[in-house]
Peer 1: 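First the structure, which I've put down as structure tokens, then a few questions once you've had a look.
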Amino acid sequence: REWCVALPKVELHAHLNGSVRNSTLLELAKQLAEKGIIVFEDVKDVIMKNGRSLPECFKLFDLFHILTTDHDTVTRIAKEVVEDFAAENVVYLEIRTTPKNNEAKGMTKRSYMNAVIKGLKAAEAVDVVLFDSNSRTNDTLTCTPTIELDGDTKKKRIYVRLLLSIDRRETTLAALDTVNLALEMKDQGVIGIDLSGNPVVGEWETYLPALQHAKELGIPITIHCGEVANRKEIQAVLDFCPQRLGHVCCLNDVEWKKLKSLMIPVEICLTSNVMTGGAPSLELHHFADLYNAKHPLSLCTDDCGLFSTSLSNEYFLVAATFGLSKPELFHLAQEAVQYIFADENVKKSLKEVFKDAGKRLT
Ligand code: 5GP
């Protein structure tokens, strides 16, 4: 386990509100209970409960959003989430979140995103690299990338990029707003678009115009695919051919074949898939098939708060379940650099990080 923590890692599939610490959720719940908005005991049980079926998860997200959706709290959770990933030696993080309008809180999608970015910048305990900057990417990074503070203290460096999620409950126009916001904020760390939300809600045709628009604008796209066995949608998603896919649990033989021939990189979320029933067990998870087929893969957490996991733990589970050796795990982590949405400069820096780490860890 310690080795998996020391391994530099790339996280490509993490939802902001699913990555919040339980302790923070409990603290926020207490504050709302004191104002009489919720009953703390009810919420506490829900937050600490272990069972997480897919429908339960989406009920939980509605609760999380009640707890977290004001500007200051969004800033706080963004700060904590980036600090937590950096503590795990995640050296590159694509964090995804659904920009939210909330009239009662004076919140627009833009102001929500500004609050997220404020949080990333406020993470003073770590060196967050949010923008592409040549001077930074020329820096020499060490295997646990750190920068010198005064004396012996060092800060961990983490490259962070943002993906804007379209929630499946949204209309075509709302989805288009999100894509336009991504374009507007591309110089502020926003790098791509995600389609997520309850997979039994909504129709592919509703989001397609916005996804098409993003494609025309050259904005990279990742799509949650096959969380449920919706044959028509899985087919349409594969035909759309986004830059990456999340989950890909419920594919049939023809769809597996197509996915493999398209070589679309897959964000693998082991714990999440087993907990929500997308995979029957760790042992029978489709990771093994894709890994043996040398399909492009990246291990991810999905919602490390909700599922009580960490990226280090996901690597550990792969070793424990599928018998991957340390060099194989290292290679898996290193290969994920190829699938990041950030530019070649960042890739180059990350390759250096892995090169240095390789001397120590393999
Ligand atoms: P947020 O976008 O509010 O920061 O993060 C929570 C949201 O991410 C949820 O409301 C949901 O739309 C999406 N999400 C988180 N985990 C999952 C998942 O496992 N599957 C799907 N389809 N969506 C998810």
Side-chain angles (χ1 to χ4, degrees), residues 1-14 16 19 78-96 119-121 123-149 153-163 189 191-192 220 222 244 265 267-269 296-302 304 309-316 318 326-362:
R1 263 179 212 271
E2 271 168 32
W3 188 90
C4 291
V5 176
L7 176 69
K9 292 169 289 291
V10 165
E11 170 66 84
L12 300 182
H13 188 135
L16 177 61
S19 307
K79 172 181 178 289
E80 290 179 357
V81 165
V82 78
E83 285 172 354
D84 290 351
F85 276 107
E88 284 282 317
N89 290 316
V90 170
V91 289
Y92 176 90
L93 167 67
E94 282 178 19
I95 190 90
R96 57 186 76 191
L120 301 179
K121 289 181 179 166
E124 283 167 0
V126 289
D127 179 31
V128 177
V129 186
L130 188 56
F131 311 110
D132 291 327
S133 144
N134 288 329
S135 63
R136 290 275 198 164
T137 48
N138 286 338
D139 285 355
T140 311
L141 300 177
T142 54
C143 74
T144 307
T146 54
I147 58 163
E148 293 279 351
L149 289 178
T153 334
K154 292 194 171 189
K155 274 191 188 185
K156 287 186 177 174
R157 174 170 293 166
I158 179 167
Y159 289 82
V160 182
R161 295 292 183 271
L162 289 156
L163 306 180
I191 202 158
T222 175
R244 291 200 313 253
E267 302 149 0
I268 293 278
C269 308
L297 295 177
S298 156
L299 294 188
C300 305
T301 53
D302 198 10
C304 56
T309 188
S310 65
L311 195 52
S312 311
N313 185 50
E314 297 299 301
Y315 276 85
F316 177 77
V318 159
K326 284 180 182 173
E328 285 167 334
L329 286 181
F330 187 88
H331 189 246
L332 189 61
Q334 191 174 30
E335 284 293 289
V337 172
Q338 292 185 50
Y339 320 128
I340 69 171
F341 286 166
D343 65 20
E344 286 305 319
N345 279 334
V346 178
K347 279 189 187 163
K348 211 168 116 198
S349 297
L350 293 173
K351 281 177 188 163
E352 285 299 313
V353 171
F354 278 94
K355 206 166 124 193
D356 284 349
K359 290 176 203 153
R360 205 169 49 95
L361 292 171
T362 54

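Because only heavy atoms are used, hydrogens play no part in the values below, and waters and symmetry mates are left out as well, while side chains stay in. Computed from a predicted structure; not experimentally measured.
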Peer 1: Suppose we screen for side chain to side chain contact (heavy atoms under 4.5 Å, CB included). Which residues come up paired with Glu335, at least two apart in sequence or across chains?
Peer 2: His331, Gln338, Tyr339
Peer 1: Who are the ring pair (Phe, Tyr, Trp, His ring centres under 6.0 Å) partners of Phe354, not counting sequence neighbours?
Peer 2: Phe330
Peer 1: Contact between Leu162 and Ile95 at the side-chain level, heavy atoms closer than 4.5 Å - yes or no?
Peer 2: yes
Peer 1: Should the pair Arg244 and Phe341 be classed as cation-pi, given the thresholds of under 6.0 Å to the six-membered ring centre and 45° from the axis?
Peer 2: yes
Peer 1: Please name all residues satisfying salt bridge (Lys or Arg N to Asp or Glu O under 4.0 Å) with Lys351, sequence neighbours left out, ordered by chain then number.
Peer 2: none
Peer 1: Side chain to side chain contact (heavy atoms under 4.5 Å, CB included) with Lys355: which residues, sequence neighbours excluded?
Peer 2: Glu352
Peer 1: List the residues meeting side chain to side chain donor-acceptor pair (under 3.5 Å) with Gln334, not counting sequence neighbours, and say none if there are none.
Peer 2: none
Peer 1: With sequence neighbours excluded, tell me which residues meet salt bridge (Lys or Arg N to Asp or Glu O under 4.0 Å) with Glu344.
Peer 2: Lys347
Peer 1: Sequence neighbours excluded, which residues qualify as side chain to side chain contact (heavy atoms under 4.5 Å, CB included) partners of Ala123?
Peer 2: Lys79, Val82, Glu83, Val126, Val128
Peer 1: Residues in side chain to side chain donor-acceptor pair (under 3.5 Å) with Thr222, at least two apart?
Peer 2: Glu267
Peer 1: Got a sec, which residues hit side chain to side chain donor-acceptor pair (under 3.5 Å) with Asn313, two or more places apart in sequence or on another chain?
Peer 2: Arg1, Thr309
Peer 1: Looking at residues at least two apart in the chain, or sitting in another chain, which of them share a side chain to side chain donor-acceptor pair (under 3.5 Å) with Tyr92?
Peer 2: Glu94
